[in-house]
Amino acid sequence: MNKSLQLYLEGLTYREIERILGISHVSIMNWVKKYNIKRPYNSDYHPTYKILNAVELGDYFKKTENIKGAGVIVTELGDKFMLIKWERFKE
């Protein structure tokens, strides 16, 4: 439950979380309502995510253009890693 709520706060949709964690989107919606979870509103940034193995994650961070001008968080997801990146919307 904690991981699903964290991903919700990071900006992922209920269905995206369902696909990643295998938890029903209805369960996630119910937890959000039950615990009165509110996302911070900021339209200048949007999150994207990737699921990578350890080698791919290392290769990703070797390229500075992948992380320049963005916030990045990495979390363990079984034997893989989820990389969540926030970038400014391009105008």
Side-chain angles (χ1 to χ4, degrees):
M1 175 180 67
N2 288 343
K3 183 68 73 178
S4 62
L5 294 177
Q6 176 188 9
L7 294 174
Y8 174 77
L9 287 171
E10 303 295 346
L12 276 67
T13 66
Y14 296 126
R15 298 251 183 208
E16 289 172 325
I17 299 167
E18 178 180 49
R19 286 191 291 275
I20 292 167
L21 297 180
I23 298 171
S24 165
H25 67 277
V26 175
S27 294
I28 299 164
M29 285 189 309
N30 289 336
W31 294 332
V32 167
K33 287 179 188 175
K34 179 179 179 179
Y35 297 108
N36 196 25
I37 305 294
K38 304 285 185 210
R39 283 186 186 165
Y41 180 75
N42 186 343
S43 61
D44 292 339
Y45 293 90
H46 71 285
T48 57
Y49 66 93
K50 296 176 182 282
I51 307 296
L52 306 169
N53 64 34
V55 173
E56 294 168 331
L57 185 64
D59 291 342
Y60 184 89
F61 280 112
K62 286 179 184 175
K63 299 177 184 169
T64 57
E65 67 269 13
N66 285 337
I67 55 174
K68 189 173 183 178
V72 177
I73 187 170
V74 177
T75 186
E76 184 180 1
L77 190 63
D79 64 340
K80 302 218 186 278
F81 298 91
M82 179 186 308
L83 181 137
I84 302 171
K85 178 178 173 182
W86 293 267
E87 297 178 286
R88 286 187 190 270
F89 283 114
K90 307 281 190 242
E91 295 184 24

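Not measured: the values here are computed from a predicted model.
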How long is the span from the [atom1] atom in [X] to the [atom2] atom in [Y], to the nearest 0.5 Å?
| X | Y | atom1 | atom2 | value |
| --- | --- | --- | --- | --- |
| Ile51 | Glu56 | CD1 | CD | 10.5 Å |
| Trp31 | Ile17 | CH2 | CD1 | 10.0 Å |
| Met1 | Ser27 | CE | OG | 11.0 Å |
| Ile28 | Ser4 | CD1 | OG | 5.0 Å |
| Leu77 | Leu83 | CG | CG | 12.0 Å |
| Thr75 | Phe81 | OG1 | CZ | 9.5 Å |

Short side-chain to backbone donor-acceptor contact, Arg39 and Tyr8, under 3.5 Å: yes

Any donor-acceptor N/O pair, Lys85 side chain to Asn66 backbone, under 3.5 Å: yes

By side chain to side chain contact (heavy atoms under 4.5 Å, CB included) - contacts of Glu16 (at least two apart): Leu12, Thr13, Arg19, Tyr49

Counterpart residues, side chain to side chain contact (heavy atoms under 4.5 Å, CB included), relative to Asn30 (two or more places apart): Val26

Side-chain touch Asp79/Asn53, heavy atoms, less than 4.5 angstrom: no

Validation row: Ile84, Leu7 side chains within 4.5 angstrom (heavy atoms): yes

Worked check of side-chain contact (heavy atoms from CB on, under 4.5 Å) between Lys3 and Ile23: CA-CA 10 Å; Lys3 183 68 73 178; Ile23 298 171; over 6 Å; no

Cluster overlap Val32 with Tyr35, hydrophobic side-chain contacts below 4.5 Å: yes

